Amino acid sequence: MTVTLADVAARAQVSPATVSRVLNGNYPVAAATRERVLRAVDELDYVLNGPASALAAATSDLVGILVNDIADPFFGIMAGAIQGEIGGPGGRAGGERLAVVCNTGGSPERELTYLTLLQRQRAAAVVLTGGAVEDAPHAAAVAAKLRKLADAGTRVVLCGRPPAPDTDAVALTFDNRGGARALTAHLLGLGHRRLGYIAGPVERTTTRHRLEGHRAALAAAGVEEDPRWTVYGRYDRQSGYEATLELLRRDPSLTAIVAANDSVALGACAALRESGRRIPEDVSVAGFDDLPFSIDAVPSLTTVRLPLAEAGARAGRIAMGREEPPPGGIASVRGELMVRGSTGVPRAS
């Protein structure tokens, strides 16, 4: 049953006009009254009709793009590619759509807030990028939001994110396990047997999938993993720097470090140089994603190239209805191993 403005007014014990003033923000309302109205909106999951221009249509000209960190090239490349595909026929303002990039900062609460706001604005499409948080209540809450968006006519696409079961969201997933396995297998093929691993945040799906691929390669080669060889951290350079110093403290005999992504790998390289170790003569370093700076690192970084721009562009076309979704609504996007100067044969013991 659709919740109406009158229902919110009844729950908040105010007039419908007061509810309208609070939601539109065009008239001063007492703080206590405003809080009561907003609480009623949340409790009833009331969806505002959004801009007046959207009233005559199922959806508006708004497209939401959710990213964890727009300053991270991983997300910036995808967001830019998505935005490049959202113009064209269909919008009521000269055929264009308004892209809104929503920076969650990795906060599950902010992710849900943005989905709610986009639902209230009757967004034409929503694209969620990057890994998901591995928390069952949060996953259920996100799935419920995605279902409501889809029911209202919003196209939902997941780009670089695992599928969301029981929703109509299209998923373009990255084969993080396969890429990580190939990367570690390359190092094992060079002769490395003591490999440190710098993982991302423990609660992220991307972290688990890449670590599983790394461990699968070790198991296939019969290499027993030492618990000391894995450190978790953020997906940034400083985390890579700090984690590398910790790994060297735990085991100075490591001959290779596999990083969660390229930014982390740069931090690892800095820490190795400060400790007097050469790359790759003393310690090999590998990253993941093949971000633009990777080839310009010294030495250039061995990594796994994810087609971020291509995947983002495809997500944008699907979101705009200009490309058919993949069969079953799910497609796996594979990475490519890029072997460069930062990895080599381990030094003799």
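Both backbone and side-chain heavy atoms feed into the values below; hydrogens, waters and symmetry mates do not. All values derive from a computational prediction rather than experimental measurement.
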Pairing residues for Glu310 by the side-chain contact (heavy atoms from CB on, under 4.5 Å) criterion, not counting sequence neighbours: Arg305, Pro307
Side-chain donor or acceptor of Arg204 paired with backbone N/O of Gly131 under 3.5 Å: yes
Test item: Ser284 side-chain N/O and Gly344 main-chain N/O as donor-acceptor pair under 3.5 Å: yes
Co-members of the apolar cluster containing Val283 [side chain, <4.5 Å]: Ile198, Trp229, Val231, Leu247, Leu248, Leu254, Ile257, Val264, Leu272, Ile279, Val285, Leu301
Flag side-chain contact, heavy atom, 4.5 Å: Val63 against Val126: no
Side-chain heavy-atom pair Leu149, Asp168 within 4.5 angstrom cut-off: no
Set of salt bridge (charged side-chain N to carboxylate O under 4.0 Å, His left out) partners for Arg208, sequence neighbours left out: Glu134, Glu212
Pairs involving residues 199-220, ordered by first then second residue, that meet ring-ring contact (aromatic ring centres under 6.0 Å, His included) (sequence neighbours left out): Tyr197-His214
Residues Glu43 and Arg11 bridged, charged N to O under 4.0 Å: yes
Flag, side chain of Asp61 to backbone of Leu98, donor-acceptor distance under 3.5 Å: no
Sequence neighbours excluded, every pair satisfying salt bridge (charged side-chain N to carboxylate O under 4.0 Å, His left out) that has a member inside residues 282-298: Arg210-Asp289, Arg278-Asp282, Asp290-Arg340
Flag, side chain of Thr167 to backbone of Ala164, donor-acceptor distance under 3.5 Å: yes
Under 3.5 Å donor-acceptor, Thr116 side chain and Leu112 backbone: yes
Val41 side chain near Arg120 side chain, heavy-atom distance below 4.5 Å: yes
Sequence-distant partners of Thr33, side chain to side chain donor-acceptor pair (under 3.5 Å), two or more places apart: none
Atom CD of Glu225: over 12 foreign heavy atoms under 6.0 Å: yes
Thr302 and Thr343 side chains, donor-acceptor separation under 3.5 Å: yes
Steps toward side-chain contact (heavy atoms from CB on, under 4.5 Å) verdict (Arg249, Leu245): CA-CA 6 Å; Arg249 184 191 68 78; Leu245 294 180; over 6 Å; no
Glu111: partners by salt bridge (charged side-chain N to carboxylate O under 4.0 Å, His left out), with sequence neighbours left out: Arg161
Residue among Asn261, Asp262, Thr207 satisfying side chain to side chain donor-acceptor pair (under 3.5 Å) with Tyr235: Thr207
Qualifying side chain to side chain donor-acceptor pair (under 3.5 Å) pairs with a residue from residues 64-78, counting only residues at least two apart or across chains: Asn68-Thr104
Side-chain touch Pro16/Val8, heavy atoms, less than 4.5 angstrom: no
Within 6.0 Å of CZ in Arg273, more than 12 heavy atoms from elsewhere: yes
No-hydrogen, no-angle side-chain donor-acceptor test under 3.5 Å, Ser263 and Asp236: no
For Thr255, side chain to side chain donor-acceptor pair (under 3.5 Å) partners two or more places apart: His192
Heavy atoms from other residues, nucleotides or ligands near CG of Asp166 exceed 12 (cutoff 6.0 Å): no
Nearest-0.5 Å distance that lies between atom CZ in Arg317 and atom CD1 in Ile82: 11.5 Å
Validation row: Thr113, Leu115 side chains within 4.5 angstrom (heavy atoms): no
Under the side chain to side chain donor-acceptor pair (under 3.5 Å) test, residues paired with Arg250 that sit two or more places apart: Glu246
Tyr232 side chain near Leu211 side chain, heavy-atom distance below 4.5 Å: yes
Main-chain N/O of Ala297 paired to Ser300 side chain as donor or acceptor, under 3.5 Å: no
Side-chain heavy atoms of Val156 within contact of Val127, under 4.5 Å: no
Heavy-atom donor-acceptor pair, Thr129 side chain to Cys159 backbone, under 3.5 Å: no
Check: Arg215 main-chain N/O paired with Arg181 side-chain donor or acceptor under 3.5 Å: no
Student check: side-chain heavy atoms of Met320 and Arg97 closer than 4.5 Å: yes
Chi angles and distances behind the side-chain contact (heavy atoms from CB on, under 4.5 Å) call for Val304, Glu336: CA-CA 5 Å; Val304 172; Glu336 178 185 359; over 6 Å; no
Salt bridge (charged side-chain N to carboxylate O under 4.0 Å, His left out) involving Asp226 - partner list, sequence neighbours excluded: Arg228
Contacts of type side chain to side chain donor-acceptor pair (under 3.5 Å), residue Ser275, not counting sequence neighbours: Arg277
